[in-house]
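Here the structure comes first, spelled out in structure tokens, and everything after it is commentary.
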Amino acid sequence: MSSPSILVNRDAEGLAHAVAARFITKLVDVQSSGGVAQVVLTGGRVAAVVYRAVAESPARSAIDWRRVEFWWGDERFLPDGDPERNETQARDALLSRVDVDPDRVHPMPADSGQGPEAAAEAYAATLAAAAGSGDDLPTFDVLMLGVGPDGHVASLFPEHEGLQVEDRPAIAVHGAPKPPPTRISLTFPMLNRAHEVWFVVSGEDKAKAVGLALSGAADLPASAPKGLDRTLWLVDEAAAQEINHI
């Protein structure tokens, strides 16, 4: 696992555009070797700006969007099309504006009457089906994560029992401390199957969590995910206020 690198941008807008440019470059690099890029999307206020910036960039044409496989790190267990779903946000801002292969877009199941446990099991099966030869699960090229003010990542919250799960790639989350309380999330073993993990964080309300995570606070969920090759903290100045070693 890689040690974290920290890149600070002046404000949230600059951060989002820098991440968008890095995202495009990374996908082009992966595809230049003939591969299908595997990316994990996140949700949140900065993510939406990142996705719009990608969609609006002239450089987006350098990507063969039909050779990109899209996954999500977590999802709110709400009906399909609900504006609070991370999938809805990503589709509105990016996926509806580029020529993706629908078979390579893998949203977490929506609440359509089945329970969240069944939804998590279904997502685990989708992940397994996408694994390469000799692998049980896929390895991602880029996995993007936000960080909550409490230090949660994906939908893995401090002191939640899901933090201890190691035998499944995806779980149902009940009783999340922020609404909605029911969610689906990748687990740490799955979050750690990415060549590059990017934490994309803005705002003064996240500064304490960022500082604690980068100090290695063992009980903070944001301290756990690491890229196989690279771990990047992409933050704005407000979120970087409590980082001690930059």
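- Between S185 and M190 there is no side-chain heavy-atom pair separated by less than 4.5 Å.
- The distance from the OG1 atom of T231 to the CD1 atom of I6 is 11.0 Å, given to the nearest 0.5 Å.
- Of the possible polar contacts, none joining the E13 side chain to the D11 backbone as a donor-acceptor pair under 3.5 Å is found.
- Pairs of residues two or more places apart, or lying in two chains, that qualify as salt bridge (charged side-chain N to carboxylate O under 4.0 Å, His left out) and include a residue from residues 79-88 are E75-R85, R85-E87, E87-R91.
- Remark: side-chain polar atoms of R52 are not paired, donor with acceptor, to backbone N or O of L94 under 3.5 angstrom.
- Counting only distance, with no hydrogens or angles, the side chain of D135 and the backbone of P138 share no donor-acceptor pair below 3.5 Å.
- Grouping the Ile, Leu, Val, Met, Phe, Trp and Tyr side chains by contacts below 4.5 angstrom, directly or via other members, places L143 with V39.
- The minimum heavy-atom distance between D64 and V68, with the atom names listed, is O-CG2, 3.7 Å.
- For residues 33-47, the set of pairs meeting the side-chain hydrogen bond (donor to acceptor under 3.5 Å, both in side chains) definition, not counting sequence neighbours, comprises Q38-W71, R45-D205.
- Using a 3.5 Å distance cut-off with no hydrogens or angles, the side chains of D74 and S155 do pair a donor with an acceptor.
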Exercise for review: Mind running side chain to side chain contact (heavy atoms under 4.5 Å, CB included) on D29 and T25 for me, showing each step along the way?
Suggested key: CA-CA 6 Å; D29 286 347; T25 300; 3.9 Å; yes
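- At least one side-chain heavy atom of F70 sits under 4.5 Å from a side-chain heavy atom of W65.
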**Study point:** Worked check of side chain to side chain contact (heavy atoms under 4.5 Å, CB included) between N9 and E237
**Key:** CA-CA 6 Å; N9 289 265; E237 289 181 356; over 6 Å; no
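- With hydrogens and angles ignored, the 3.5 Å screen pairs a side-chain donor or acceptor of R66 with a backbone N or O of V100.
- No side-chain heavy atom of V197 sits less than 4.5 Å from a side-chain heavy atom of R230.
- The closest side-chain heavy-atom distance from T187 to P189 is below 4.5 Å.
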Exercise for review: Evaluate the criterion side chain to side chain contact (heavy atoms under 4.5 Å, CB included) for residue pair R22 and L234; output intermediate values, then yes/no.
Suggested key: CA-CA 10 Å; R22 184 177 294 272; L234 303 159; 4.0 Å; yes
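- Hydrophobic clustering, with ILVMFWY side chains joined whenever heavy atoms are under 4.5 angstrom apart, keeps V54 apart from V30.
- Between the side chains of D229 and H195, at least one donor N or O lies within less than 3.5 Å of an accepting N or O.
- Sequence neighbours left out, the pairs with a member in residues 151-176 that pass ring pair (Phe, Tyr, Trp, His ring centres under 6.0 Å) are H152-F157.
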Review point. Please walk me through it: do L127 and L186 pass side chain to side chain contact (heavy atoms under 4.5 Å, CB included)?
Key: CA-CA 10 Å; L127 286 161; L186 298 186; 4.0 Å; yes
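- Taking CG from L220 and CG from L163, the interatomic distance works out to 9.5 Å, rounded to the nearest 0.5 Å.
- Residues L95 and M108 share a single hydrophobic cluster, defined by chaining ILVMFWY side chains whose heavy atoms lie under 4.5 Å apart.
- No side-chain heavy atom of D92 sits less than 4.5 Å from a side-chain heavy atom of R97.
- In this structure, CD in Q89 is found 10.5 Å from CH2 in W72, a value given to the nearest 0.5 Å.
- Around CG of D136, the count of heavy atoms belonging to other residues, nucleotides or ligands within 6.0 Å does not exceed 12.
- For the pair G44 and N86, the tightest heavy-atom approach, listed with the atom from each and the gap, is N-OD1, 4.4 Å.
- Among the candidates I171, T182, D111, the single residue satisfying the side chain to side chain contact (heavy atoms under 4.5 Å, CB included) test with P116 is T182.
- In plain terms, the two heavy atoms of L191 and P225 that are nearest each other are CD1-CG, 4.3 Å.
- When all heavy atoms of A20 and A53 are compared, the pair lying nearest together is CB-CB, 3.6 Å.
- The distance from the CG atom of D150 to the NZ atom of K206 is 9.5 Å, given to the nearest 0.5 Å.
- A distance of 7.5 Å separates NZ of K226 from CG of N192, quoted to the nearest 0.5 Å.
- Shown here for D141 and K26, the closest heavy-atom pair between the two residues is O-CE, 4.1 Å.
- Placement of I184 and L78 in two distinct hydrophobic clusters is found when ILVMFWY residues are connected by side-chain heavy-atom separations under 4.5 Å, directly or transitively.
- Linking ILVMFWY side-chain heavy atoms closer than 4.5 Å, directly or via other members, places M144 and V36 in two distinct hydrophobic clusters.
- The shortest non-hydrogen separation linking V153 to P221 is CG2-O, 3.8 Å.
- E117 CD: more than 12 foreign heavy atoms inside a 6.0 Å radius.
- Side chains of V201 and W233 form a contact here, defined as non-hydrogen atoms less than 4.5 Å apart.
- Expressed to the nearest 0.5 Å, how far CG of D99 lies from CD1 of I63 amounts to 12.5 Å.
- Counting heavy atoms from C-beta on, the side chains of K208 and Q241 never come closer than 4.5 Å.
- In this structure the side chain of Y51 never reaches within 4.5 angstrom of the side chain of V46, judged on heavy atoms.
- The backbone N or O of G35 sits less than 3.5 Å from a side-chain atom of R67, completing a donor-acceptor pair.
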